[in-house]
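Being a predicted model, the structure only gives us computed values, none of them experimental.
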Amino acid sequence: MFKLDFTDKVVLVTGASRGIGKAIATAFCELGAKVYGTATSEKGAQAITEYLCGKGQGLVMNAEDKDSIDALFKQVSELAGSAPDILVNNAGITRDTLFIRMKDSDWASVLQCDLNAHVQLTKLCVSAMMKKRAGRVISITSVVGETGNAGQCNYAAAKAGLVGFSKSLAKEVGSRGITVNCVAPGFVKTDMTAVLDEAQTKAWEQQIPLKRAATPEDIAGAVVYLASDLGAYVTGSTLDVNGGMYCN
């Protein structure tokens, strides 16, 4: 029988202070894993440590600083006594505006935080996974990376880039027992979408066949599946969790 048991597994979740990342980290924690989550500040890292209740720790990572990414990987490996068995690339930012008005700095920041930082951290983790001949890499992309969205050229490019990167990496490391997949959420109720008024929220929900926004836990469930034995033969795939708003 398959079991959702991650005892003795080391899980690293970036962007775990709230929303989807927090739900993912909490799910792995409840299933027995040793969980490390990242935030952009000491305050955020402390909040992660508190909700993990002694089963993990929050750490600071600056996605725009490669030295910070390198230091995070080393810190997790030292604290856990092992490099991550499961990496969940979730951290991200938005700098939305029409492309013709987009500053070069807005393009560069989103591509670095939402794509390049994940690639840099994945390289560190996969190097260790190859020695173990086992591992899971799961990146949170977005329906926007598949459909595009006006005002989000930078964000869509980063998310689409993660999909292409993951497909290619899956082909390279599959023989070492490592799977590489993406989860693409649609409209999710988080702090980021809470800024929308009731009319805007309803307009989004009317586009969704299931007629509701996703919860962070909906996304966490998909990630847990891909990281578990149930998803052991799934690699190079993007799992759409969008209530049917985009059918791939």
Does any part of the side chain of Val183, heavy atoms only, come nearer than 4.5 Å to the side chain of Ile138, both counted from C-beta? yes

Side-chain heavy atoms of Val88 within contact of Leu12, under 4.5 Å: no

Interatomic distance, CG@Asp70 vs CG@Leu121, rounded to 0.5 Å, equals 9.0 Å

Nearest 0.5 Å, please: how far is CG in Asp218 from CG in Asn242? 11.0 Å

Calculate, to the nearest 0.5 Å, the distance between atoms CD and OG1 belonging to Gln57 and Thr49 respectively. 5.0 Å

Residues two or more places apart in sequence or in another chain: which of them pass ring-ring contact (aromatic ring centres under 6.0 Å, His included) with Phe6? Phe28

Leu59 vs Leu79 side-chain heavy atoms within contact, under 4.5 Å: yes

Decide, yes or no, whether a salt bridge links Asp85 with Lys132 under the criterion of side-chain N to carboxylate O below 4.0 Å. yes

What verdict does the side chain to side chain contact (heavy atoms under 4.5 Å, CB included) test give for Val137 and Asn181, after you've listed the backbone C-alpha separation in whole Å, the side-chain angles of each residue and the deciding distance to 0.1 Å? CA-CA 6 Å; Val137 178; Asn181 293 289; over 6 Å; no

Rounded to the nearest 0.5 Å, how far apart are CZ of Arg95 and SG of Cys113? 7.0 Å

Report yes or no: do Asn89 and Thr122 form a side-chain donor-acceptor pair below 3.5 Å? yes

Side chains of Trp107 and Cys153: does their closest heavy-atom pair fall under 4.5 Å? yes

Pair Met61, Thr40 - check side chain to side chain contact (heavy atoms under 4.5 Å, CB included), show working. CA-CA 6 Å; Met61 183 186 80; Thr40 58; over 6 Å; no

Say you draw a straight line from CD of Glu205 to CZ of Arg212; how long is it, rounded to the nearest 0.5 Å? 9.5 Å

How about Asp8 and Lys34: do any of their side-chain heavy atoms sit closer than 4.5 Å? no

Could you tell me whether Lys123 atom NZ has more than 12 heavy atoms of other residues or ligands within 6.0 Å of it? no

May I ask you to test the Phe73-Pro84 pair for a side-chain heavy-atom distance under 4.5 Å? yes

Return each pair, listed once, that meets salt bridge (Lys or Arg N to Asp or Glu O under 4.0 Å) where at least one residue sits in residues 51-65; pairs must be two or more places apart or across chains. none

Val188 versus Thr215: any side-chain heavy-atom pair under 4.5 Å? no

For Lys74, side chain to side chain donor-acceptor pair (under 3.5 Å) partners two or more places apart: none

Are Leu162 and Val234 connected into the same hydrophobic cluster when the rule is that any two of I, L, V, M, F, W, Y join if their side-chain heavy atoms are below 4.5 Å apart? no

Can you tell me how far apart OG1 (Thr235) and CG (Leu226) are? Round to the nearest 0.5 Å. 9.5 Å

Close side-chain approach of Pro185 and Val143, heavy atoms under 4.5 Å: no

